[in-house]
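Presented below is the structure to which this report refers.
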Amino acid sequence: MALSEQEIVRRENLKKIIELGIDPYPPEGWEVNVHAKEILEQYEPDKNNFQEISLAGRIMARRIMGKASFAVLQDETGRIQLYINRDEICPGEDKILYNVLFKKLLDLGDIIGVKGRAFKTKTGETSIRVSEFKLLSKSLRPLPVVKRDEEGKVYDAFTDPELRFRQRYVDLIVNPEVREIFKKRSKLIQSMRRYFDEHGWLEVETPILQPIHGGAAARPFKTHHNTLDIPLYLRIANELYLKRLIVGGFEGVYEFGKMFRNEGMDRTHNPEFTSMEIYVAYKDYNWMMGMVEECLERVSKEVTGNTEVQVGDQRIQFAGPYEKLSMYEAIEKYTGIDISQMDEEALRQTCKKLHIETDPSMGKGKLIDEIFGEKVEQHLIQPTFITDYPIEMTPLAKKHRSKDGLVERFELFVNGKEIANAYTELNDPIDQRQRFEEQLKLANRGDEEAMALDEDFLRALEYGMPPTSGLGIGIDRLAMLLTNQHSIQEVLFFPQMKPEATKKEEA
RNA sequence: GAUCCGGUAGCUCAGUCGGUAGAGCAUUUGACUUUUAAUCAAAGGGUCCCGGGUUCGAGCCCCGGCCGGAUCACCA
């Protein structure tokens, strides 16, 4: 592959460094006793602190002015300016370290270790007066150079999504705000996990490779196990396994994990995504709504510092209680039509009236879902529980205790998007078998996403599952809300991309 | 999968009517001991995404493809 001019220069510099007897990739570590952010926040000239510091990072800018230079060092916490004076670095006759190594052979992007002391420059910027530096890793590729002026205005921003996502490492280096998004994502999971642990619920792991892709309605990825010579599916959900654990006697289990769905990709969908599923015995969906309110309020506070979060043009209040509307109430509120008594034909006519396309494979549940998706969802900006779904849409939820034809289910909508789904779980094995059979009928009618029947799961229910409430939260979408990002790609380190065109390479 | 928009130097982008390929940053050389989008002087750097076509001549027009984004469809 042909190297660019800058890559050639860097490789030549590398060679010269080696000729000077310097290892460009030394094996030993470097003492890091402080980070950039700590110095910037805590240095006070009067206190004379940070006078023997040792840190490491990447050179992000260099301003050489003859016998002295400024550089910008970036570590995980931020950027700090270095001041390098020739005669301080090279007290003796030999000025090679400064004149040759620092001025000529180091490049932007090189990783160096630095020892020195904090001070303030004439213009008042906290900086490090370098007494010693060492090359820790030579960079052979030029980074995009993003400049910022005093007001923080960005020039030549590195924004091309294709490059940013394919080379996320570069994105993380030159766009510090990107790192903050992922720190928040990590904090979100950590915060939620701590909340569950405090309640004594057990974090578990269940199979990703499943012989039957149950627990949700979606097209799976299919693979094959050679030794067993059987097809296996990457899980589209883990619900049925977690319930088996409730049958087994755990009273609260949860799992953060990747799910895989062989569907389209867009701003809110990636083929693999992270969900959190939790099942708690002896609870129902009413209890679960309270738990969700408490959990999200706390998570929001711990991740963003506030229960109120800016998302696009909206301010979302995560402190409960959240508005509750039944599915029928919600549809009536936003269309003026009461569909609660309608049969499949009447619903089909209603769809027509509302200019919603239908097809013959759609059952009653699907038709209601269409109306809801088309006319209601977009209006649910503040956190809203939509409750009591038609039974046809929800084969794993328990029938409503008082409303015929409905199940005890809620979904939480925020900013017009579903972020959580929960049931009073169906634990009646006879009813569950019938529901699966209904799904089979839908499948025969052409519904590709109807749920598969899982005999072993039914066997587990037949042993008896305590009354249980279960909840699933889309972690990526929650992360999008809490970091004010409008694309799922921005909250995944490595979003799925088509493979790059393979470049011709010499063997 | 459909429609629209985009792909030009390492990066961000201009490129007029189809007529020698442009800028800023980065890079190279030189100057400079408190600069900070450092500055000053000079220089080098291009498979214009790929493949066809039209034309005397294509970065530009036409056809096909690849990759990305947006919107829609499907889905969470």
Side-chain angles (χ1 to χ4, degrees), chain A residues 1-10 12-13 60-72 79-89 98 103-104 107-109 119-125 127 129 139-167 170 174 216-219 236-237 259-275 357 369-370 373 377 411 413 417-421 448-449 472-478 480 486-489 495 497-504:
Chain A
M1 208 175 67
L3 295 177
S4 71
E5 180 196 21
Q6 294 191 49
E7 288 172 301
I8 292 166
V9 167
R10 281 168 185 245
E12 281 169 0
N13 287 347
M60 297 305 287
R62 233 174 2 153
R63 295 179 285 276
I64 296 171
M65 299 171 309
K67 299 183 185 66
S69 299
F70 289 90
V72 173
R79 297 178 178 188
I80 190 162
Q81 178 169 264
L82 307 178
Y83 174 73
I84 296 165
N85 183 302
R86 186 191 70 181
D87 296 329
E88 289 173 31
I89 295 291
Y98 180 79
K103 275 172 72 176
K104 301 283 181 193
D107 292 294
L108 296 185
F119 78 111
K120 274 198 197 288
T121 62
K122 211 161 63 177
T123 52
E125 177 163 347
S127 307
R129 194 165 195 125
S139 167
L140 296 182
R141 277 181 191 260
L143 288 167
V145 178
V146 179
K147 299 219 170 192
R148 287 172 175 76
D149 67 16
E150 279 175 6
E151 289 128 39
K153 200 175 163 206
V154 176
Y155 299 82
D156 298 332
F158 179 62
T159 54
D160 179 349
E162 180 160 10
L163 286 177
R164 285 186 52 229
F165 301 147
R166 284 195 199 283
Q167 302 186 38
V170 174
V174 305
R219 282 155 61 198
I236 57 173
M259 304 299 151
F260 306 85
R261 297 190 184 176
N262 208 339
E263 313 272 359
M265 295 160 58
D266 62 24
R267 216 176 50 238
T268 54
H269 298 85
N270 195 65
E272 58 182 282
F273 64 99
T274 301
S275 86
E357 281 184 33
D369 196 35
E370 288 292 317
E377 233 179 77
E411 291 187 310
F413 287 84
K417 290 263 170 359
E418 181 207 331
I419 66 158
N421 181 24
E448 280 184 46
E449 287 156 359
I473 294 182
I475 294 297
D476 310 290
R477 290 186 174 181
L478 186 55
M480 285 165 66
H486 82 294
S487 162
I488 196 170
Q489 297 175 110
M497 307 279 273
K498 282 199 190 182
E500 283 179 90
T502 47
K503 287 175 187 164
K504 284 173 266 173

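Labels below follow one simple rule: chain letters A, B, ... track the order of the sequence lines, proteins then strands, and each chain is numbered from 1. Basis for what follows: all heavy atoms, side chains included, without hydrogens, waters or symmetry-related copies.
At a threshold of 4.0 angstrom between heavy atoms, the contacts of A:R166 are confined to the sugar-phosphate backbone, with no base atom among them. Residue-level contact check: A:R79 touches neither bases nor backbone, having no heavy atom under 4.0 Å from any strand. Among the heavy atoms of the strands, none lies under 4.0 Å from A:N262. Looking at heavy-atom distances under 4.0 Å, A:M497 makes contact with sugar-phosphate atoms alone, never a base. A:G474 comes within 4.0 angstrom of no nucleic acid atom, judged by non-hydrogen atoms across all strands. Counting non-hydrogen atoms under 4.0 angstrom, A:F119 reaches a base of the nucleic acid. Among the heavy atoms of the strands lying under 4.0 Å from A:R267 are primed sugar atoms or P, OP1, OP2 only; no base atom is included. Among the atoms of the strands shown, none is found under 4.0 Å from any heavy atom of A:D476. Nucleic acid contact for A:A157: sugar-phosphate only, since backbone atoms but no base atoms lie under 4.0 Å from a heavy atom of the residue. Within 4.0 Å of A:T121, counting heavy atoms only, lies at least one base atom of the nucleic acid.
As rounded to the nearest Å, B:G59 and B:U20 have C1' atoms that lie 14 Å from one another. Annotation: B:C50 and B:C4 have their P atoms spaced 23 Å apart (nearest Å). Comparing the C1' positions of B:U34 and B:A26 gives an interatomic distance of 24 Å, to the nearest angstrom. With C1' as the reference atom, B:G18 and B:G24 are 28 Å apart, rounded to whole Å. Distance check on atom C1': B:G51 versus B:A14 gives 27 Å, rounded to whole Å. Between the P atoms of B:G45 and B:G64, the separation comes to 38 Å (whole Å). Look at the P atom in both B:G15 and B:G19: the space between them is 14 Å, to the nearest Å. Distance noted for atom C1' between B:C13 and B:A21: 14 Å (whole Å).
For A:E370 and B:A73, the CD to C1' distance is 11 Å, given to the nearest whole Å. Atom CZ in A:R164 sits about 15 Å away from atom P in B:G68, given to the nearest Å. Distance CD1 (A:I236) to C1' (B:C74): 14 Å, rounded to an integer number of Å. The NZ atom of A:K153 sits 12 Å away from the P atom of B:A37 (whole-angstrom rounding). A straight line from OH of A:Y83 to C1' of B:C32 spans 12 Å, rounded to a whole angstrom. Atom CD in A:Q81 sits about 14 Å away from atom C1' in B:U33, given to the nearest Å. Computed from coordinates, the A:L163 CG to B:G68 C1' distance equals 10 Å when rounded to whole Å. When the C1' atom of B:C25 is taken as reference, atom CG of A:L143 falls 14 Å away, rounded to whole Å.
Under the Watson-Crick or G-U wobble criterion, with both distances below 3.5 Å, B:C40 is paired with B:G30. Applying the Watson-Crick and G-U wobble criteria (two distances, each under 3.5 Å), B:C72 pairs with B:G1.
Not a single donor-acceptor contact under 3.5 angstrom links the side-chain atoms of A:E418 to the base of B:A76. For B:C74, its base sits under 3.5 Å from the side chain of A:D266 at one donor and acceptor pair at least. Under 3.5 Å, the side chain of A:R63 and the base of B:U34 form no donor-acceptor pair of N or O atoms. Under 3.5 Å, the side chain of A:E125 and the base of B:U34 form no donor-acceptor pair of N or O atoms.
Between the side chain of A:R62 and the backbone N or O of A:D107 there is no donor-acceptor pair closer than 3.5 Å. Of the possible donor and acceptor atoms, none in the side chain of A:R63 sits under 3.5 Å from a partner among the backbone N and O of A:F70. Between the A:N85 side chain and the A:A68 main chain, no donor and acceptor come within less than 3.5 Å of each other.
Regarding contacts with the backbone of B:G30, a side-chain N or O of A:K104 is found under 4.0 angstrom from either OP1 or OP2. For A:K147, a side-chain nitrogen or oxygen approaches OP1 or OP2 of B:A26 to under 4.0 Å. Applying the 4.0 Å criterion to OP1 and OP2 of B:G10, one finds that A:R141 has every side-chain N and O outside that range. For the OP1/OP2 pair of B:U35 and a distance below 4.0 Å, the side-chain nitrogens and oxygens of A:K122 include at least one atom meeting the criterion.
Annotation for A:F260 and A:I236: closest pair O-CG2, 3.3 Å, computed over non-hydrogen atoms. Here the shortest heavy-atom pairing between A:I80 and A:S127 reads CG1-CA, 4.5 Å.
Of the candidates A:K104, A:E88, A:K103, A:Y98 forms a side chain to side chain contact (heavy atoms under 4.5 Å, CB included) with just one, namely A:K103.
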Tabulate protein N/O versus nucleotide N/O from nucleotides 4-6 of chain B, keeping only pairs under 3.5 Å, one per line.
none

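The nucleotide whose nearest atom lies closest to any side-chain atom of A:A68 is, among B:U28, B:G68, B:U33, B:U33. Closest contact between the side chain of A:P161 and the listed nucleotides B:A76, B:U27, B:G68 involves B:G68. The side chain of A:K498 has B:G68 as its nearest neighbour among B:A37, B:G68, B:C11. Comparing B:U35, B:A37, B:G24 against the side chain of A:D149 picks out B:A37 as the nearest. Considering only the side chain of A:E263, B:C74 comes nearest among B:C74, B:U12, B:C32. Nearest to the side chain of A:T159, among B:C13, B:C25, B:U28, sits B:C13. Side-chain atoms of A:Q6 lie closest to B:G10 of the nucleotides B:G10, B:A76, B:C13.
For the pair A:R141 and A:E7, the minimum side-chain heavy-atom distance is below 4.5 Å. Side-chain atoms of A:N270 and A:Q489, non-hydrogen and from C-beta on, never get closer than 4.5 Å to each other. Between A:V170 and A:F158, some side-chain heavy-atom pair lies under the 4.5 Å cut-off.
A:T274 OG1 to A:D476 CG: the interatomic distance, rounded to the nearest 0.5 Å, is 4.5 Å.
Both thresholds, 5.5 Å between centres and 30° between ring planes, are met by A:F273 relative to the base of B:A76, so the two rings are stacked. Residue A:Y155 and nucleotide B:G24 are not classified as a stacked aromatic pair, given the requirement of ring centres less than 5.5 Å apart at an interplanar angle below 30°.
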